[in-house]
Amino acid sequence: MALEGPAERRDEGQQGGMANGNGVAPPPSRTAGRPSGPAAYSDRRLRLNPNTEHKPQDYSDVRGEYAPAVYSALERHLPPSLLEADRDVKLHFMRDILARYWPHGERNKVHRHKEYRQKIVHLYKPLHQELYSMHPAAFFLPTFLEAVRTNTEESLASIMTEPTPGVFSFAMLQPKFCDMLLEEVENFEKWVHAMKFKIMRPNTMNKYGAVLDDFGLEAMLNQFMEEFIAPISKVFYPEVGGGTLDSHHAFVVEYGKDRDVELGFHVDDSEVTLNVCLGKQFSGGELYFRGIRCENHVNSETQHEEMYDYSHVPGRAVLHRGRHRHGARPTSSGLRMNLLLWCRSSVFREMKKYQMDFSSWCGECQREKRERQIQCVKATKLAFLRRGGAMI
């Protein structure tokens with residue numbers, strides 16, 4: 001886990017670290033240099049908005065750390081002078097950009113993880129084969145499906161509540177889907193134990209749970225993100241790359257007796273996070289939210305209006321920015337299991353290097369901007385009064 005620095009949980013009355021769940025991909029390095037790709041293009045910046053009229057080339061034959069869809073999405077953001085270049089030139093350029101987020105040690109780690117995943121997928125026999133391909137009517141509630149298929153801000157807002165700014169809650173998953181996914185995770189954990197494999201946990205904050213992509217659910221969950229989460233994120237989180245989501249990290253976490261009990265105060269390694277309770281019977285375990293922050297303000301004070309607690313309901317989802325600081329209170333009884341989908345945008349992570357003003361979404365940036373405006377108005381009034389006094 002990459003620690004963002006010491007943070008006081010002032011609202012909780014405890015000391016703790018503001019953590020960033022590591023998942024599979026590390027956050028972009030602030031000190032990363034320019035890519036070492038073709039000289040003609042190495043200093044060109046990506047377009048902030050995609051070229052929707054451009055048809056990306058086919059990257060289905062490309063193998064590596066990133067799925068072909070990542071390159072197709074990123075190509076629409078290439079500088080105009082590069083769009084008509086040979087595919088190899090574009091691919092080299094995009095790989096250089098993406099490599100900024102993967103230090104050499106991390107690339108080796110990912111390579112080992114990839115080998116681990118391939119071995120499991122080859123050997124593991126699924127319990128519910130129907131989970132491994134997308135069946136919307138069987139997975140999602142009709143109200144959710146209709147809202148996404150209509151795909152307007154009005155249709156999406158009609159199924160949602162926004163109990164605190166930037167946090168949306170809505171009924172999403174069919175009970176049967178929740179049950180099957182829970183059974184599949186339990187079956188996988190038993191199989192891993194029987195095979196004496198070392199199970200890869202979701203991140204360094206959770207000691208229990210499983211990464212769903214590790215045993216074959218990656219393709220289904222990528223479609224889950226692209227077709228059902230991305231349309232919502234494009235509407236409600238455009239300022240953090242909600243319209244350019246191109247990769248994910250999906251996992252199930254487990255809380256209760258002989259499991260993780262609570263989750264510390266942290267931010268996610270995602271642009272947008274989907275969190276859905278799968279069950280089972282439990283009490284406690286509320287999520288607490290404490291305001292949205294950029295990296296520069298991640299450890300700043302929580303304002304009273306930013307405090308919000310969310311109680312989990314099986315099948316119901318909560319959607320929020322990855323930079324929305326949060327944690328989970330202790331699960332006091334029973335067993336609680338949640339599906340989490342961290343949705344990421346390589347385009348946003350690249351553009352963030354050139355963006356200086358985060359006041360459209362960071363609560364502390366907003367307060368600092370308001371304070372500067374107030375001080376500016378006060379200074380202008382004082383200067384006016386002094387000039388007026390001199391004239392009398």
Decide whether N222 and E218 meet the rule of one side-chain donor and one side-chain acceptor closer than 3.5 Å. no
Can E146 and R149 be counted as an ion pair, charged N to O under 4.0 angstrom? no
Roughly how far, to the nearest 0.5 Å, is the OG atom of S346 from the CE atom of M94? 9.5 Å
Does the separation of the ring centres of F251 and W342 fall below 6.0 angstrom? yes
When you compare the side chains of S155 and T150, does any donor N or O come within less than 3.5 Å of an acceptor on the partner? no
Report yes or no: do H248 and D213 form a side-chain donor-acceptor pair below 3.5 Å? yes
Quick test of your reading of the model: are R370 and E364 salt-bridged, counting only N-O distances below 4.0 Å? no
Are any of the side-chain nitrogens in E306 or R293 under 4.0 Å away from the carboxylate oxygens of its partner? yes
Tell me yes or no: between the side chains of Y124 and N187, is some donor less than 3.5 Å from an acceptor? yes
The criterion is ring-ring contact (aromatic ring centres under 6.0 Å, His included); which residues satisfy it with F197, sequence neighbours excluded? W191
Would you mind checking if E75 and K90 are paired as a salt bridge, meaning a charged N to carboxylate O distance below 4.0 Å? yes
With sequence neighbours left out, what residues match H135 under ring-ring contact (aromatic ring centres under 6.0 Å, His included)? F139
May I ask you to decide whether R117 forms a salt bridge with D214, counting only side-chain N to carboxylate O separations under 4.0 Å? yes
List the steps and the verdict of side-chain contact (heavy atoms from CB on, under 4.5 Å) for F188 and V185. CA-CA 5 Å; F188 172 67; V185 170; 5.7 Å; no
Nearest 0.5 Å, please: how far is CG in L181 from CE in M337? 8.0 Å
Pair R344 + D268, salt bridge at N-O below 4.0 Å: no
Within a 6.0 Å radius of atom CD on E115, are there more than 12 heavy atoms belonging to other residues, nucleotides or ligands? yes
Do the ring planes of Y308 and Y310 sit parallel (below 30°), tilted (30 to 60°) or perpendicular (above 60°)? tilted
Tell me whether the centres of the aromatic rings in F140 and F228 are closer together than 6.0 Å. yes
Taking a hydrophobic cluster as the set of Ile, Leu, Val, Met, Phe, Trp and Tyr residues connected by side-chain heavy atoms closer than 4.5 Å, whether directly or through intermediates, do V313 and L287 fall within one such cluster? no
Going by atom types alone, do E368 and H297 pair a side-chain donor with an acceptor below 3.5 Å? yes
Between D61 and R87, is the closest basic N to carboxylate O distance under 4.0 Å? yes
Check for a donor-acceptor pair, side chain of Y71 on one end and backbone N or O of S60 on the other, with a separation under 3.5 Å. no
Taking the six-membered ring for Trp, is the centroid-to-centroid distance between H320 and F289 below 6.0 Å? yes
Name all residues meeting the side chain to side chain contact (heavy atoms under 4.5 Å, CB included) criterion together with Q281; count only those two or more places apart in sequence or in a different chain, and write none if there are none. none
